Protein chains: 2
Amino acid sequence: MSSATRKPPDREEDLTARARIRDAAIDCFGQRGFNVPVREIAERAGVSPALVMHHFGTKANLLAACEDHVTRLIREVKTESVTSGDQQTILHQIAEAEEFAPYLAFLFRCLQAGGELARTLYERMAADVEAYLDAGVKAGTVRPSRDPRARARWLAANGAGTFLMFVTLREPGPDVDFRKVIREWTAEFALPALEVYTEGLLADRSMLDAYLLYVSDPPEESS
Amino acid sequence: MSSATRKPPDREEDLTARARIRDAAIDCFGQRGFNVPVREIAERAGVSPALVMHHFGTKANLLAACEDHVTRLIREVKTESVTSGDQQTILHQIAEAEEFAPYLAFLFRCLQAGGELARTLYERMAADVEAYLDAGVKAGTVRPSRDPRARARWLAANGAGTFLMFVTLREPGPDVDFRKVIREWTAEFALPALEVYTEGLLADRSMLDAYLLYVSDPPEESS
DNA sequence: CAGGATGCTGAACATGCGTTTAGTCTGTTG
DNA sequence: CAACAGACTAAACGCATGTTCAGCATCCTG
């Protein structure tokens, strides 16, 4: 069902060398992290290491070009899904299509490494979640919140962070099969997540009420 | 209230050189990650880089010694808190005492780097959460779960992962003030977390019921 | 065809880092 | 005191890796 419905990215072998290097870099960065040697990227692209520098000047520039390219790809997919009215988290959206796996891996490394792109990625996810929840509240399927923005950000951080943790914990080999990871992830956590999100975790309101009282009249900081 | 109640770790300056190197390594690893050069650790300890090798043989050994030491420290704190009947997550427990900040930073790096210690750390947290929730269920403050173990693991991954995400996103400088991070973290996320945990997120049971139906009679995998 | 731009390469260079080596200093022991 | 052991250091080694250099081939342009 999810094999070839979307536009497949240009991954053929008759690309310009620059593009081939970029794609190889995205693959290598995603599978092995940003510390992968330039020589390995060059080898994967079938060119000499010097050509990488010839086209991108520096490794940091190459990484930036990869970020640019993936960002552009995301934006395309996103606007496409918006026009088709399909509402989901970016991560899941991208995870759907098998051929996007390299880009997903790359994004994961960005999230793992922090930095500017990680922040914008997170902000985008949080905004998506907020819009999604807002629609749900209006439709009556999601409970309203005292602070919708904070709730959305928390849920986004939860999702991304839990996934990050999950992958980090099971990373003995150098390469990660993200399709598999996502499958295992949902298999392990879908039930408890749905359970808590549906029925809650705490049996009474005492903690929440105590906190609400606390924030409305915060005690002095010691020291 | 949390200044000097627990036993302060031996951080005086009249330690054996080996111990000084180990402590310096814990500090450096925690503040700058495991990629910190041996030379910097040596400088911080006030010794020559060669002495580090003389005492630990290799950088990996030094890291292992740090893990050992911190693990031992955790165990001490944990048994101490068990005998005093104070039940909390390890992370919060340790975060309480200011003087444990370097160890907390080191543990965070372990979690971030993955590997064996990260796994055992996570397992320990999950087990703690499970026991904690179990007590709560028995006491009537926590709702029962269809799969208490999975719920505990999910919550543990959520907590650790969200924190990991939070720190990763705000790490421009080389060093991290974990006291401050934890304060900001709770300030931003305490309300939505309590809200969701108390009142739930979804307004109706349709998703949960659909999933329960799904797992009881899973459809075929395509392909 | 001359000449330059472009794509590309093998080899070398520079640097950072883990580690080794050879040797010094100090204290202890017989 | 001689001899030895352990703590400790300056300097160097070896390796990985980012980057540069000088040159070769090819193709376009006049």
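These numbers were taken from a predicted model, which means no experiment stands behind them. Per chain, numbering begins at 1; letters A, B, ... match sequence-line order.
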The single option from B:F163, B:Y197, B:W185 passing ring-ring contact (aromatic ring centres under 6.0 Å, His included) against A:W154: B:Y197

Work out which heavy atom in A:N61 is nearest to a heavy atom in A:F56; give both atom names and the distance.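 Minimum heavy-atom separation between A:N61 and A:F56: CB-O, 3.0 Å.
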
Students should find this one: the first and last nucleotides of DNA chain C, 5' to 3', lying under 4.0 Å from a heavy atom of chain B. What are they?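 Endpoints of the contacted stretch of DNA chain C: C:dC17 to C:dT20.
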
Measure from the side-chain N and O atoms of B:K59 to the backbone N and O of B:F34, and report whether any donor-acceptor pair falls under 3.5 Å. yes

Backbone of B:H55 reached by a side-chain donor or acceptor of B:R18 within 3.5 Å: yes

Could you run down nucleotides 6-18 of chain D 5' to 3' and tag each one B, S or - for protein heavy-atom contact under 4.0 Å? -BBBB-B----BB

Would A:R153 and A:E130 satisfy salt bridge (Lys or Arg N to Asp or Glu O under 4.0 Å), going step by step from the backbone distance to the final call? CA-CA 8 Å; A:R153 293 175 74 80; A:E130 189 172 353; over 6 Å; no

Residue that, paired with A:V38, satisfies side chain to side chain contact (heavy atoms under 4.5 Å, CB included) out of A:T58, A:V52, A:L62: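 Considering A:T58, A:V52, A:L62, a side chain to side chain contact (heavy atoms under 4.5 Å, CB included) with A:V38 is found only for A:V52.
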
Any pair with a residue in residues 36-48 of chain A that passes side-chain hydrogen bond (donor to acceptor under 3.5 Å, both in side chains), sequence neighbours left out, goes on the list, sorted by first then second residue, please. A:R32-A:E40

